[in-house]
Amino acid sequence: MSDTGEEEEEPIAHGGSRTQGRVLLFTMCAAGIGGTFQYGYNLTIINAPTMHIQKFVNQTWLERSGSVLDAWIITLIWSVIVSVYPLGGFLGALLAGPMAIKLGRKKSLLFNNFFVILSAILCGFSRFAKSFEMIILGRILAGVNSGVSMNVQPMYLGESAPKKLRGTVALSSAVFTALGLVLGQVVGISEILGSEETWPLLLASNAVPAILQLVALPWLPESPRYLLIDLKDKESCVSALQRLRGHCDLSSEMEEMLAEQVATKGQTPKSLFELIRDPSLRRQLRTIVVLSSAMQLCGNDSMYFYASYIFQEAGIPSEKIQYVVIGTGSCELITSLTCTLFIDRVGRRALVMGGYGMMSVWAIVFMVALSQQGRVDWIPYLSMVCIFAYILSFGIGPAGVTGIMPAEIFDQMARPAAYMICGSLIWIMLFAVGLAFPFIVQGLGHFCYLPFLLVCVLTALYVGFFLPETKGKTLPEITEEFTKSKVKTPKKENSWHGPLEIKSTLL
């Protein structure tokens with residue numbers, strides 16, 4: 001009987017594993033293509049048609065008023081078109097929490113696609129309507145879509161993944177962001193959609209991934225944790241788990257979720273201000289504030305600012321630079337893919353520390369290379385190496401781990417509000433760096449990366465001293481790690497003063 005039983009159980013286990021792998025992969029792809037993919041894609045498609053859109057703005061104004069705009073006004077309008085994207089992202093981050101609570105994780109992602117479809121319609125018909133204002137409104141809506149997806153997607157995947165694959169599954173958000181960056185650069189080259197005739201189609205092409213998600217995502221289950229803890233629907237939770245896990249034993253995972261349900265019994269999802277005022281979550285909150293701020297303040301996006309200049313100095317023909325720039329986005333994609341293979345083996349803490357540590361080193365080398373630009377023949381090539389190495393170091397850990405931390409260190413009631421804070425900070429800092437960086441370059445010159453170097457060093461030190469490892473741990477275990485230092489402090493004081501009193505009595 002035992003032999004027969006073993007022969008019968010093995011195929012079931014393998015079948016369950018295969019089912020789990022297929023459903024999880026499909027979940028990651030369906031959530032990602034209309035989720036964080038849109039953030040990376042919308043960030044880069046606006047770069048290629050810069051001159052064409054500025055020309056369109058000038059021609060539109062000439063037809064309306066009969067006069068040509070001054071160069072500084074055209075630049076100002078272009079700056080508005082670019083800067084409203086992070087503004088929309090900030091609004092989307094604030095919407096993400098309430099949407100995730102009221103609609104659920106999956107329905108929030110589905111509803112979110114209507115923002116970007118409306119954006120595509122406005123941008124796609126802007127030239128036909130002779131209205132550059134439609135581009136501005138379209139970019140705001142694209143930002144709202146990205147702000148919602150950057151918060152809801154890692155929440156949805158983190159709650160749907162098994163504990164042993166939680167990091168890998170949640171990190172797919174960073175992979176799709178990098179994939180969006182690369183495809184946005186590829187589609188934006190002049191031979192595809194980056195020409196003067198096709199730029200409205202380029203700005204409207206973000207509707208394609210939205211439609212793909214609307215077709216694919218409805219077939220996948222909702223987050224099991226949301227179904228059990230928020231909706232109190234145990235049957236739907238078990239059904240969702242069975243679809244995601246196949247025929248695996250669900251008892252231990254159900255026990256963990258039921259324990260969290262008991263711990264949060266009688267509670268309602270925390271608002272933004274309730275989370276900020278909660279003293280028991282102060283250290284977790286401080287952690288996501290540091291990591292989210294550092295993600296934009298580390299200067300990774302600013303490397304793209306220097307890329308074209310450095311490549312030109314290295315002797316690459318100007319018409320070929322657009323193809324070489326694609327390599328910078330490919331670096332981030334490669335490291336994000338590599339990181340998914342190691343995050344559940346190496347751990348989150350080591351990847352973040354290692355990433356910011358290497359970025360600190362390359363920032364120093366980059367500043368030295370910039371100061372010697374034009375004096376030594378091979379220095380432009382060293383600058384190129386620094387650009388690629390800096391982006392690779394960012395992709396190793398900070399790019400992906402930052403997004404999954406709120407899902408791992410906050411419970412179901414606090415998680416949506418935590419993602420609101422995390423997402424809002426990312427967008428605010430993106431806007432602040434974009435606004436301040438030209439002045440930093442003007443003021444510090446070749447040493448413009450000093451502020452970013454300081455951020456990288458301080459963040460690596462903070463992670464080393466204050467962030468516990470979350471790999472393979474349940475939420476109660478992670479919470480205990482965060483509160484351990486608080487518990488130990490009075491014990492140390494008691495254990496110290498006790499012996500002193502005993503000694504004095506003996507004397």
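Residue indices begin at 1 and follow the sequence shown.
For the pair Leu109/Leu217, a side-chain contact is recorded, criterion being any heavy-atom separation below 4.5 Å from C-beta on. Side-chain contact between Leu227 and Asp230 is absent, with no heavy-atom pair separated by less than 4.5 Å. Using a 4.5 Å heavy-atom cutoff, the side chains of Leu25 and Cys29 are in contact. Taking 4.5 Å as the limit, some side-chain heavy atom of Cys237 sits within range of a side-chain heavy atom of Met254. Side-chain contact between Val169 and Ser160 is absent, with no heavy atoms from C-beta onward closer than 4.5 Å. The shortest distance between side-chain heavy atoms of Val463 and Thr287 does not fall below 4.5 Å. Using a 4.5 Å heavy-atom cutoff, the side chains of Pro98 and Met420 are in contact. Between Trp78 and Ile53 the shortest side-chain heavy-atom distance falls below 4.5 Å.
Heavy atoms from other residues, nucleotides or ligands lying under 6.0 Å from NZ of Lys107 number 12 at most. Residue-environment remark: CZ (Phe111) stays at or below the threshold of 12 foreign heavy atoms within 6.0 Å. The local environment of NZ in Lys232 is crowded, with over 12 non-hydrogen atoms from other residues, nucleotides or ligands closer than 6.0 Å. Remark: Phe431 CZ is loosely packed, at most 12 non-hydrogen atoms of other residues, nucleotides or ligands lying under 6.0 Å away.
Atom CD of residue Gln284 and atom CG of residue Asp411 lie 9.5 Å apart, to the nearest 0.5 angstrom. Annotation: the span from Ile101 atom CD1 to Lys270 atom NZ amounts to 11.5 Å, rounded to 0.5 Å. A distance of 10.0 Å separates CD of Gln213 from CG of Leu220, quoted to the nearest 0.5 Å. One finds the CZ atom of Arg277 at 10.0 Å from the CG atom of Leu272 (value rounded to the nearest 0.5 Å). Note: Leu122 CG to Glu133 CD = 11.5 Å, rounded to the nearest 0.5 Å. Taking OG1 of Thr479 as the start and CZ of Arg283 as the end, the distance is 11.5 Å to the nearest 0.5 Å.
Checked against the 6.0 Å centroid threshold, Phe452 and Tyr356 do not count as a close aromatic pair. Tyr39 and Trp427 have their aromatic ring centers within a separation under 6.0 angstrom.
A donor-acceptor distance shorter than 3.5 angstrom exists from the side chain of Ser108 to the backbone of Met99, with no hydrogens or angles considered. Side-chain atoms of Asn151 do not come within 3.5 Å of backbone N or O of Ala96 as any donor-acceptor pair. Proximity of a side-chain donor or acceptor of Lys473 to a complementary backbone N or O of Glu469 within less than 3.5 Å is detected. Asn145 places no side-chain N or O within donor-acceptor distance of the main-chain N or O of Phe115, the cut-off being under 3.5 Å. The backbone N or O of Thr340 lies less than 3.5 Å from a partner atom in the side chain of Thr168, making a donor-acceptor pair. Between the side chain of Tyr449 and the backbone N or O of Gly299 there is at least one donor-acceptor pair closer than 3.5 Å. Formation of a donor-acceptor pair under 3.5 Å by the Lys471 side chain with backbone atoms of Arg345 is found in this model. Here the side chain of Ser223 pairs a donor or acceptor atom with the backbone of Tyr226 at under 3.5 angstrom. Side chain of Ser292 to main chain of Val289: no donor-acceptor pair is present (N/O by atom type, distance under 3.5 Å, no hydrogens or angles). When atom types are taken as modelled, the side chain of Ser239 and the backbone of Glu235 share no donor-acceptor pair closer than 3.5 angstrom.
Trp362 and Ser393 make their closest contact through CD1-OG, 3.8 Å (heavy atoms, listed as atom of the first residue, atom of the second, distance). Contact detail for Ala48 and Gly188: the closest heavy-atom pair is CB-O, 2.9 Å. For the residue pair Ile326 and Gln185, the shortest heavy atom distance occurs at CA-OE1, 3.3 Å. Heavy-atom minimum distance, Met155 versus Pro416: CE-CA, 4.0 Å. Closest approach of Glu332 and Ser336 over heavy atoms only: O-OG, 2.8 Å. When every heavy atom of Gly194 is checked against every heavy atom of Leu202, the shortest pair comes out as CA-CD2, 4.4 Å.
Using modelled atom types, one finds no donor on one side chain facing an acceptor on the other under 3.5 Å when comparing Thr27 with Tyr156. Side-chain atoms of Tyr41 and Ser146 include no donor-acceptor pair closer than 3.5 Å. Looking at Thr470 and Glu408, their side chains do bring a donor and an acceptor atom within 3.5 Å of each other. Of the N and O atoms on the side chains of Ser149 and Gln38, not one donor lies less than 3.5 Å from an acceptor on the other residue.
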| request: Would you sort out whether Gln261 and Gln412 count as a side chain to side chain contact (heavy atoms under 4.5 Å, CB included), showing the intermediate values? | output: CA-CA 9 Å; Gln261 184 188 37; Gln412 195 76 8; over 6 Å; no

| request: Start with the C-alpha gap between Ser126 and Ser131, add the side-chain angles, then the distance that decides, and say whether side chain to side chain contact (heavy atoms under 4.5 Å, CB included) holds. | output: CA-CA 5 Å; Ser126 59; Ser131 171; 5.6 Å; no

| request: Check the pair Leu43 / Tyr85 against side chain to side chain contact (heavy atoms under 4.5 Å, CB included), numbers first and verdict last. | output: CA-CA 8 Å; Leu43 203 61; Tyr85 179 65; 3.6 Å; yes

| said: Run the ring pair (Phe, Tyr, Trp, His ring centres under 6.0 Å) test on Phe56 and Trp199 for me, step by step, so that the C-alpha distance in whole Å, both residues' side-chain angles and the decisive distance to 0.1 Å come before the verdict. | reply: CA-CA 11 Å; Phe56 165 69; Trp199 66 261; 5.3 Å; yes

| Would Asn206 and Ser119 count as a side chain to side chain contact (heavy atoms under 4.5 Å, CB included) if you check the C-alpha gap in whole Å, the side-chain angles of each, and the deciding distance to 0.1 Å? | CA-CA 8 Å; Asn206 53 11; Ser119 167; 4.1 Å; yes

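Under 4.0 Å is where a charged nitrogen must lie from a carboxylate oxygen, and between Glu222 and Arg105 no such pair does.
Ala417 is linked by a side chain to side chain contact (heavy atoms under 4.5 Å, CB included) to Leu275, counting only residues two or more places apart in sequence or in another chain.
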